[in-house]
Amino acid sequence: MNAITPFDRSKARFPIPEVATSFINGASVGAAGGHRIPVISPATEELISELREADADEVAAAVAAARNAFDKGPWPRMSVDERKKIMLQIKDVLMKHADELAYLETMNAGLAVTHVRGFHVPRMGFNFEFFAEVASQAAGDAYTQTKPYLSIVTREPIGVGALIGPWNAPLALCSMKIASCIAFGNTCVLKPSEFTPLSLRRVVELINTTDIPKGVVNLVNGRGQTTGDALVSHPGVDVVSFTGGTTTGRAIASRAGQGLKPVALELGGKSANIITATANMERALDGSLLGIYSNNGQQCLAGSRILLDRKIADSFVAKFVERSKKIIVGDPLEQKTNIGPLAYEGHMKRVLSYVDIAKQDGAELLTGGAAHPGFNKGYYMQPTAVMAKSNAARVCQEEIFGPFATFLVYDDIDEAIAIANQSDFGLVGYVWSEHLPTAMKVSQNVRAGTIWVNTPLTRELRAPFGGYKHSGIGRDSAEDCKMFFTEAKTTTIPLEDFPMAKWGA
Ligand code: NAD
C-alpha cells in the first residue's frame, strides 16, 4: 500500500468538503469530533476528504427529523401537484450542478467522468421528474360489486424510509431511492456507502435549497455495522430500501424483519450473456465489452458469464481479447478514459485474487490479469478475461464486481439456458441472436428479472427491475415503487340503508 498523501485543494475543479458529515433537518451536522474515516481518491490514493461517522444518537436525530416531517409536517399533506412542483425544482437544481456532481462522483468513486456526466447524472435528474409524474398520475380503485356498498381503495404514504446504497453508482442508484420514496409523500434518511459519501452529501444539501420542507430528506454517513444497522433497527423507520451485496441484504432483511418493516433488496448478480451463432457478431461484441467492462466492471447487472456457441467461440474470443487490450484505462477525469480505477484498494485486491482462483479451477487466462502497468498510484486494473472449464468454477458462481469476464462454451441453446440458470443469482440475462424463436426461448427460460435481447444495460424505468433468487426481493418500476412506498387503505360505505340486526332492541 502506498502512503496516503493529502490532496492539494487548489487543484480541485469544484469544492470538495474537508469533512463529509450528516445532514439532518435541513442543516449540516457540525464537523467537530466523531469517528473519522478517510475518503481516498482511487485514482491517486490522495486523502480527498474525511467522513465523520454518525453514531446511534445521530441516526436517532435524523430519524426524529424525518418522523416529525412525516407525522406533523406539510409534505405528506400537500397536494400532489405542489409536491410535483418541488420535485421538478429538485431536478433543476441538481442539473444546474451536473458538472460539479459528476466531478465529485469521479473523484470519489473513480468512475469515468464521461460515463457519469453522460449517463448517471441525467438519470439522476430524470428520476425526480419521472417519479413526480408517476405520483401525479397515480389512481385508486373502486369496487361496486357487493351491493349496496361502495369500497374505495386509496394509497397513503407509508412513512419514514431508510434508504441504503452501495458505492458503485451512488448518484444514479440513490437518487432513484430518494425520488421514488418522497414522490408519494414519504420522508427519508439516506445512508450512502462509507466509501463514496461525497456526491450524495452534496445532492442532499442541494435538495434542501429548494422549497422542500425541512426533515423530508436527511442523510447520515457511516459504516454499515454502525450507522446502517442503527438506521435499519430504529423503531421510527417504517420501510427499508437497500441496494448492495447479497450477504448484507440478508443481514438487513433479518434486522428489518424483527421490526416487521417491509424491505426491498436489490442485490448481486452473475448474469449470463449468451452469444448464439445467429448473432450479429459485431453488435454482440460491442455489447459484451460494454456489458462487462463499463462502469469499471463494477455493476450488479454486468454480463459477467459470457456463454459462447462452440461454432463461433474461437473467433469471438480472439476479437474480444484484441478489443480488451485497446480499452483506455486511465485517469477517470480524462474525457477519453473508458475504465478508471477500481473503487478502493481492498476491492482491487479482491478482484485480482480471482485470477489465481480461476487458474486453480483450471481456467485459462485470456488477457489482463494484473494491475495496469504505467501507474504508480491508484487502483488501476487491466481488463481481464478467462476461459473457464466448467460453470461450477468459482469465477462462474461468485460475483467478482470488476473488469473481469468469464467465458464458457456451449453446444446448443438448451445447454446455454441450463448453464445460465445454474447460479444462485438471477438479476439479468443477455442474449444475442437475429433468430426470434431462439431469443424468445432464452427470454422465457432464463430465470432472471430482466432479459436483454441484442442490447446491453438498457433500463426502462416504467418496467420492473429486480432479481430472482439471491439477486433480491421486490422490484423497482413506476408501479412497484408506488406499491412499496404506499399503504393501501380500503374505505367501505353503503350507498343506501340496509337491514341491520337490532340487538338489544
Ligand atoms: P455492501 O452490501 O457492502 O454495502 C451496501 C451498503 O450497505 C453500504 O452503504 C453499507 O455501508 C451498508 N451496510 C453494510 N452492512 C450493513 C448493515 N449490517 N446494516 C445496514 N447497512 C449496512 O455492498 P457494496 O460493496 O457497497 O456494493 C456492491 C454490491 O452491491 C454488489 O454485490 C452489487 O451487485 C450490489 N448492487 C446491486 C444493484 C442492484 O440493483 N441489484 C445495484 C448496484 C449494486
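The analysis underlying the following values was restricted to heavy atoms, covering all of them including side chains, and did not include hydrogens, waters or symmetry mates. Both ligands and their constituent atoms are indexed starting at 1 by order of listing.
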Seminar exercise, completed: Among non-hydrogen protein atoms, atom 25 (O) of ligand 1 lies closest to W167 NE1, 2.9 Å

For this session: Please check if the distance between the ring centroids of F401 and W167 is under 6.0 Å.
Result: yes

Exercise. Considering only heavy atoms from C-beta outward, does the side chain of Y103 approach that of R117 to under 4.5 Å?
Worked result: no

Exercise. Who pairs with D424 by salt bridge (Lys or Arg N to Asp or Glu O under 4.0 Å), at least two apart in sequence or on another chain?
Worked result: none

For this session: Examine the side chains of N186 and W75 and answer whether a donor and an acceptor come within less than 3.5 Å of each other.
Result: no

Problem set entry | Residue part near ligand 1, for N168, under 4.0 Å between non-hydrogen atoms | side chain

Problem set entry | Any A169 heavy atom less than 4.0 Å from ligand 1 | no

Exercise. Hey, is I252 touching ligand 1 through its side chain, its backbone, both or neither, going by heavy atoms under 4.0 Å?
Worked result: side chain

Exercise. Which is it for E399 and ligand 1 at heavy atoms under 4.0 Å: side chain, backbone, both or neither?
Worked result: side chain

Exercise. At under 4.0 Å between heavy atoms, which part of F195 makes contact with ligand 1: side chain, backbone, both or neither?
Worked result: neither

Problem set entry | Numbered atoms and elements of ligand 1 in range of F242, under 4.0 angstrom, heavy atoms | 2 (O), 5 (C), 6 (C), 7 (O)

Exercise. Does F375 have its ring centroid less than 6.0 Å away from the ring centroid of Y380?
Worked result: yes

Seminar exercise, completed: Short version for L267: what comes under 4.0 Å of ligand 1, heavy atoms counted, is backbone

Seminar exercise, completed: So for L173 against ligand 1, with non-hydrogen atoms under 4.0 Å, the contacting part is side chain

